[in-house]
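For reference, the structure is listed below as structure tokens.
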Amino acid sequence: QLQLVESGGGLVQAGDSLTLSCAASGRLFSNYAMGWFRQAPGKEREFVAAISWSGMRTDYADSAKGRVTISRDNANNTVYLQMNSLKPEDTAVYYCAASSVWSSGLDRYAYWGQGTQVTVSS
């Protein structure tokens, strides 16, 4: 089992920046590609960003490109999501997840955190 715990969410204003963290424990963290997903009220969970095992490869949803940066620290078993120029439509619960394969698809991620709420006021 790989346990994931997100932190760093909160209430911010439009235009602000926020960095989410996801701490992993259990299995060898560097064996997994990591992803961030989000789910807004009444909407399906959607992909935000992913990073490969070594951190050399990243992928972003179109809505995130240019505003979001995913990174990881394998020495400290942590993955980050830095979000800039936040918009009210970024309001959602943000989840980190781990996958043994490189993918942006939710169904390829076997391990999930409990989520952290991000609320962006206008």
Side-chain angles (χ1 to χ4, degrees):
Q1 288 286 345
L2 185 68
Q3 291 80 39
L4 303 173
V5 179
E6 303 95 336
S7 61
L11 174 63
V12 298
Q13 294 185 335
D16 284 352
S17 297
L18 197 64
T19 299
L20 306 181
S21 300
C22 174
S25 61
R27 295 191 174 191
L28 188 59
F29 176 69
S30 59
N31 281 355
Y32 294 90
M34 299 298 297
W36 284 96
F37 297 81
R38 68 184 183 183
Q39 188 166 18
K43 295 187 177 181
E44 294 185 351
R45 193 170 300 188
E46 64 178 6
F47 169 74
V48 177
I51 189 166
S52 63
W53 302 261
S54 65
M56 296 296 290
R57 183 177 179 182
T58 57
D59 189 21
Y60 296 94
D62 288 342
S63 61
K65 289 177 181 177
R67 299 191 301 123
V68 170
T69 302
I70 188 171
S71 61
R72 67 189 295 163
D73 180 351
N74 285 347
N76 290 298
N77 293 348
T78 304
V79 62
Y80 304 95
L81 188 73
Q82 180 180 348
M83 302 184 290
N84 301 318
S85 302
L86 283 162
K87 306 173 183 179
E89 50 264 43
D90 293 318
T91 295
V93 177
Y94 283 73
Y95 299 88
C96 73
S99 174
S100 59
V101 299
W102 176 248
S103 175
S104 61
L106 278 73
D107 59 346
R108 306 311 300 269
Y109 285 78
Y111 301 101
W112 292 82
Q114 83 289 348
T116 186
Q117 176 71 47
V118 173
T119 302
V120 184
S121 64
S122 58

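What you see is a predicted model, and the numbers here were worked out from it, not measured in a lab.
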Indicate, with yes or no, if [Y] and [X] share a hydrophobic cluster defined by side-chain heavy-atom contacts under 4.5 Å among Ile, Leu, Val, Met, Phe, Trp and Tyr.
X	Y	result
Leu4	Phe47	no
Val12	Tyr80	no
Tyr109	Phe29	no

Do Met83 and Val48 pass the side-chain contact (heavy atoms from CB on, under 4.5 Å) test, and can you show the C-alpha distance, the side-chain angles, and the key distance before you say yes or no?
-> CA-CA 11 Å; Met83 302 184 290; Val48 177; 5.8 Å; no
Nearest atoms (heavy-atom pairs only) where [X] meets [Y]:
X	Y	result
Ile51	Trp102	C-CZ3, 3.3 Å
Tyr60	Val68	CE2-O, 3.2 Å
Ala40	Ala92	N-CB, 3.8 Å
Ser104	Asp59	CB-OD2, 4.0 Å
Leu20	Tyr94	CD1-CB, 3.5 Å
Ala50	Ser103	CB-O, 4.2 Å

Quick one: pull up [atom1] in [X] and [atom2] in [Y] and give me the separation to the nearest 0.5 Å.
X	Y	atom1	atom2	answer
Cys96	Ile70	SG	CD1	9.0 Å
Glu89	Leu86	CD	CG	10.0 Å
Arg38	Thr91	CZ	OG1	9.0 Å
Ser52	Met34	OG	CE	12.0 Å
Ser100	Tyr32	OG	OH	7.0 Å
Asn77	Gln3	CG	CD	11.5 Å

May I ask you to decide if [Y]'s main-chain N or O and [X]'s side chain share a donor-acceptor pair within less than 3.5 Å?
X	Y	value
Gln13	Ser121	no
Arg67	Ser85	yes
Arg45	Tyr95	no
Trp53	Asn31	yes
Glu6	Thr116	no

Are Lys65 and Asp62 within salt-bridge range, i.e. N to O under 4.0 Å?
-> yes
Flag yes if more than 12 heavy atoms outside Arg108 fall under 6.0 Å of its CZ atom; otherwise flag no.
->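 No, not enclosed.
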Could you walk me through whether Glu44 and Leu106 pass side-chain contact (heavy atoms from CB on, under 4.5 Å), step by step?
-> CA-CA 11 Å; Glu44 294 185 351; Leu106 278 73; over 6 Å; no
Where does the angle between the aromatic ring planes of Trp112 and Phe37 fall among parallel (under 30°), tilted (30 to 60°) and perpendicular (over 60°)?
->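 Tilted, since the angle between the ring planes falls between 30° and 60°.
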